[in-house]
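Worksheet: one structure, shown below.
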2 protein chains.
Amino acid sequence: MELVKIYECLCDPTRLRLLNVLAQGPVCVCHFQDVLGEPQVKISKHLAYLRERGLVESERQGNWVIYELAAKPSRELQANLACLQECAQRIPVFKCDLARLKKIEPSCAWVRAGDPGKAPGQCRCG
Amino acid sequence: MELVKIYECLCDPTRLRLLNVLAQGPVCVCHFQDVLGEPQVKISKHLAYLRERGLVESERQGNWVIYELAAKPSRELQANLACLQECAQRIPVFKCDLARLKKIEPSCAWVRAGDPGKAPGQCRCG
DNA sequence: AAATCATATTCTTATAACGGAATATGCTTC
DNA sequence: GAAGCATATTCCGTTATAAGAATATGATTT
């Protein structure tokens with residue numbers, strides 16, 4: 001059942017945080033590390049988990065990999081992501097993540113702009 | 001995180017079916033067996049799982065045990081159960097379960113009425 | 001109190017998940 | 001092509017989950 005696959009993705013705190021951040025737009029892996037404050041392996045593995053199950057998509061831009069929410073989510077996925085968003089608004093961890101994301105945001109405007117030409121020679125996370 | 005606990009409850013097909021049925025009102029275990037067509041152990045264990053995590057509550061009425069959704073669900077739980085309901089409407093398994101429930105319903109009106117005095121001497125499931 | 005019915009628990013086996021350490025891959029720059 | 005950076009994968013130990021078989025509990029009827 002697809003619904004079960006979705007819930008399996010949602011039953012880990014790290015993945016919830018990743019999805020919450022992704023709701024704001026595309027993000028590259030190194031920013032996740034900074035925003036969540038979790039080690040690289042952990043982030044990478046959970047992103048892979050989400051990608052394999054179709055919740056997110058990734059695209060390589062030079063040295064970096066940008067992740068974003070699935071472009072064509074099923075009705076069920078849409079509904080559940082919306083529900084998560086609603087819940088996350090009231091939960092401190094998620095709010096903190098978004099706050100940290102905003103601080104970093106200026107330094108990675110090129111990611112959001114989708115303009116790979118502007119990618120710097122070195123990641124300026126942090 | 002409470003949200004994670006909720007999603008853990010939701011990431012099993014049997015539990016989703018149980019919750020979908022429970023959205024219609026209180027149900028006793030033997031009816032679940034009939035509606036889902038699953039063995040007693042399976043039903044019982046999944047109900048226990050949901051009870052331990054606060055999604056459902058149970059009450060003994062003579063030989064039978066009646067389950068119902070938590071009386072005071074958290075905001076998060078409410079939101080997610082509503083979301084599940086919305087999704088389930090479109091998924092065949094869940095619709096079939098509700099159809100079977102309706103067929104059985106007349107024989108267990110006493111459960112819904114909450115009138116233990118009317119409990120029959122023998123369960124008339126099926 | 002013995003038998004019966006409805007439900008719960010225990011035991012076992014198989015499978016999947018998480019996390020961390022170490023290592024590998026893929027680009028880019030020099 | 002060697003070095004460096006960002007990301008992914010493999011390996012390992014631990015823990016959680018699911019399902020079925022068998023058994024136990026608790027209430028009711030005879």
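Labels below follow one simple rule: chain letters A, B, ... track the order of the sequence lines, proteins then strands, and each chain is numbered from 1.
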### Message
So, applying side chain to side chain donor-acceptor pair (under 3.5 Å) with A/His46, which one of A/Arg17, A/Arg15, A/Arg51, A/Glu38 is it?
### Response
A/Arg15

### Test item: side-chain donor near acceptor, B/Ser74 and B/Glu2, under 3.5 Å
yes

### Task
Provide, to the nearest angstrom, the distance between the NZ atom belonging to B/Lys42 and the P atom belonging to D/dA21.
12 Å

#### Entry: Euclidean distance, atom NE2 of residue A/His31 to atom C1' of D/dC5 [Å, nearest integer]
14 Å

### Summary
Of the candidates C/dT7, D/dT7, C/dC27, the side chain of A/Gln40 sits closest to D/dT7

### Query
In whole Å, what is the span from the CZ atom of B/Arg51 to the P atom of C/dT9?
6 Å

### Task
Considering only NZ, NE, NH1 and NH2 on the basic side and carboxylate oxygens on the acidic side, decide whether A/Glu76 and B/Arg90 come within less than 4.0 Å.
no

### Task
Figure out the CD/P separation between A/Glu8 and D/dA16, and round it to whole Å.
18 Å

### Task
Answer yes or no: is there a donor N or O on one side and an acceptor on the other, between the side chain of B/Arg53 and the main chain of B/Tyr49, under 3.5 Å?
yes

### Query
Which nucleotide in the set C/dT7, C/dC11, C/dC18 lies at the smallest distance from any side-chain heavy atom of B/Lys45?
C/dC11

### Task
Ignoring the backbone of B/Val29, work out which of D/dA27, C/dA8, D/dT9 is nearest its side chain.
C/dA8

### Query
Where the side chain of B/Glu57 meets the backbone of B/Ala71, is there a donor-acceptor pair that is under 3.5 Å apart?
yes

### Query
Quick one: which of C/dA8, C/dC5, C/dC27 gets closest to the side chain of B/Tyr67?
C/dA8

### Query
Rounded to the Å, how far apart are B/Glu38 CD and D/dA18 P?
13 Å

### Query
With a 4.0 Å cut-off on heavy atoms, is A/Phe32 in touch with a base, just the backbone sugar-phosphate, or nothing at all?
nothing

### Task
Whole angstrom is fine here: how far is it from CD in B/Glu52 over to P in D/dA18?
11 Å

### Message
If you only use heavy atoms from C-beta on, which nucleotide in C/dG19, D/dT17, D/dA27 is closest to the side chain of B/Tyr49?
### Response
D/dT17

### Message
On the nucleotide D/dT17, are OP1 or OP2 found under 4.0 Å from the side-chain N or O atoms that B/His46 carries?
### Response
no

## Note on the structure
Looking only at D/dA8, C/dT7, C/dG19, the nucleotide nearest the A/Val65 side chain is D/dA8

### Task
State which of D/dT7, D/dT9, D/dG26 makes the closest approach to the side chain of B/Arg60.
D/dG26

### Task
Would you indicate which nucleotide in C/dT7, C/dC27, D/dA8 comes nearest to any side-chain atom of B/Gln33?
C/dT7

### Message
What is the separation between atom CD1 on B/Ile43 and atom C1' on C/dA8, rounded to the nearest whole Å?
### Response
13 Å

### d(CD, A/Glu59; C1', C/dC27) in whole Å
15 Å

### Message
Checking contacts here: which listed nucleotide (D/dA18, C/dT9, C/dG19) is nearest the side-chain heavy atoms of B/Ser44?
### Response
C/dT9

### Nearest to side-chain heavy atoms of A/Val41, which nucleotide of D/dT17, C/dA22, C/dT7
C/dA22

